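Presented below is the structure to which this report refers.
These numbers were taken from a predicted model, which means no experiment stands behind them. Each chain gets a letter, A, B and so on, in the order the sequences are listed, and its residues count up from 1.
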Number of protein chains: 2
Amino acid sequence: MNMVYADKIKVMVVDDHPLMRVGVASIVNARSDMTVVAQAGSGEEAVTLFLKHKPDVTLMDLRLPGISGVDAIRSIRETQPRARFVVLTTYEGDADIHRALEAGAQGYVIKGMPYQTLVEALQRVHKGGRFLPPPIARALASRMPDSELSAREQEVLSLLASGKSNKDIASNLHITEATVKCHVSAILLRLNVSDRTEAVVTALQRGLVHLE
Amino acid sequence: MNMVYADKIKVMVVDDHPLMRVGVASIVNARSDMTVVAQAGSGEEAVTLFLKHKPDVTLMDLRLPGISGVDAIRSIRETQPRARFVVLTTYEGDADIHRALEAGAQGYVIKGMPYQTLVEALQRVHKGGRFLPPPIARALASRMPDSELSAREQEVLSLLASGKSNKDIASNLHITEATVKCHVSAILLRLNVSDRTEAVVTALQRGLVHLE
DNA sequence: TCTACTATCCAACTTTTGGGGGATTCGCGG
DNA sequence: CCGCGAATCCCCCAAAAGTTGGATAGTAGA
């Protein structure tokens, strides 16, 4: 019987850490105006469970095994454009924030903020609004407007971030070392750094690439 | 009245994420053989609360604001050598594991393992044993036995990992660029990599250094 | 004590990187 | 159609990074 949920916000929790899911669920269920209707530990599971439970708001972590949280949001919104999402993740740079909002998230909360923030985000997003805490909005605003890398440059950056030399990158992409240098120079310019190592460090800090 | 705790394992939870603390606490408190007697959000708070509540086992995250979890363990064990610790953290390389055990932790559990693992770790460590899940023991075993960097090399590595050039590092440490190159070469040898960028990436993967 | 070892330091040499031109192709939108 | 940006390549050169060999000093052990 679904009557018991009639006046409550139906929430789905997506996070690969069982302990974090339990924590979030106990916060949500402790309130009289919301309830957890599903929990998922991966992006794939989230897509499946969304269709089954139709939550009002989905709390989504970004770093997940398999497809990323951003991809899961995009995938769900393709068929369910009215789905609403609050991203709940550890801070890993402004790039993730931008990508998540672009994919269709309406809220963004950092793990470690007081949990009243999370509750407020769920309420606001459920009512059709957006929710970006001041530190997040600030990080987003401080983005260079022209900081977009081309597809090729992103490929080069990710190889750079795995520690490869220009020669390795060249053979990996089947292009010449000269071309690699060209792309690397463009990346250094965009990221406003002076060498490849600094480029990797700031790319990791801003979340443009990840380890492993 | 402490009588209610007479037959229960007294647990302290240390983690800077309130949601994670709530999750862990609800798991522990749901069991009849253990109970949470204190929660801390920083290493400093952990030291204070330990003296006040004398938990049987402390669940300790490693990445904390202020002093690290390892430092907190070391600090507490200086005056309370019988204190027992289970590290509960995200996997960030074998270096952290080694440092934590050296500081006096008896157990090591990764966030994201099924929470039955956490319960078992608490029980085993409380009974005076140790607890290292197979994946952790394996990561520890695969460490190079000779992978220790000298103090100076660690300084250089951390500057390397912030993206500084040899010249910057030299002026930072008040030595010649030639000497810096020498240290860098030694680091490359130890980490078994071929250039500084790769060194930074693998150092980050293994948890020898951290971003920021 | 005297040797062996290690950490630290330095300089000369070789290789890799990054910068500055410039050229070609391809596709996309005005 | 034409301009424009993205991607590809080339040459040359200067600067940075990495290699090798060697000096010094302190320390632990035979």
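Rounded to whole Å, the distance from CD1 on I187(B) to P on dA17(D) is 13 Å. Per the geometry, CG belonging to L160(A) stands 13 Å off C1' belonging to dT16(C), to the nearest Å. Atom CD1 of I169(B) and atom P of dC9(C) are 13 Å apart (whole Å).
Heavy-atom nearest nucleotides on DNA chain C were determined for D195(B) and for T179(B), and the one closer to the 5' end corresponds to T179(B).
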Handout entry: Verdict with reasoning, L157(B) to L149(B), per side chain to side chain contact (heavy atoms under 4.5 Å, CB included)
Key = CA-CA 9 Å; L157(B) 179 57; L149(B) 296 178; 3.6 Å; yes
Working note: T90(A) + E92(A), criterion side-chain hydrogen bond (donor to acceptor under 3.5 Å, both in side chains); need CA distance, chi angles, decisive distance, verdict. CA-CA 6 Å; T90(A) 56; E92(A) 294 184 27; 3.2 Å; yes
- Can you check side-chain hydrogen bond (donor to acceptor under 3.5 Å, both in side chains) on R21(A) and Q39(A), steps first, answer last? CA-CA 7 Å; R21(A) 286 205 302 272; Q39(A) 297 189 24; 3.3 Å; yes
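Residue N166(A) places no side-chain N or O under 4.0 Å from the OP1 or OP2 atom of dT16(C). The phosphate of dT8(D) has OP1 or OP2 within less than 4.0 Å of a side-chain N or O from H183(A). Under 4.0 angstrom from either OP1 or OP2 of dC10(C) there lies at least one side-chain N or O belonging to T176(B). Look at R196(A) and you won't find any side-chain N or O under 4.0 angstrom from OP1 or OP2 of dA16(D). Taking 4.0 angstrom as the limit, S150(A) places a side-chain polar atom (N or O) nearer than this to OP1 or OP2 of dA7(D).
At a threshold of 4.5 Å between non-hydrogen side-chain atoms, the residues D56(A) and I9(A) count as touching. Here the side chains of V209(B) and S158(B) are in contact, with some heavy-atom distance below 4.5 Å. A 4.5 Å side-chain heavy-atom check between V180(B) and L173(B) finds every atom pair outside the cut-off.
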Where do N or O atoms of nucleotides 19-22 of chain D meet protein N or O atoms at under 3.5 Å, pair by pair?
residue, atom, partner, partner atom, Å
dT19(D), OP2, S185(B), OG, 3.2

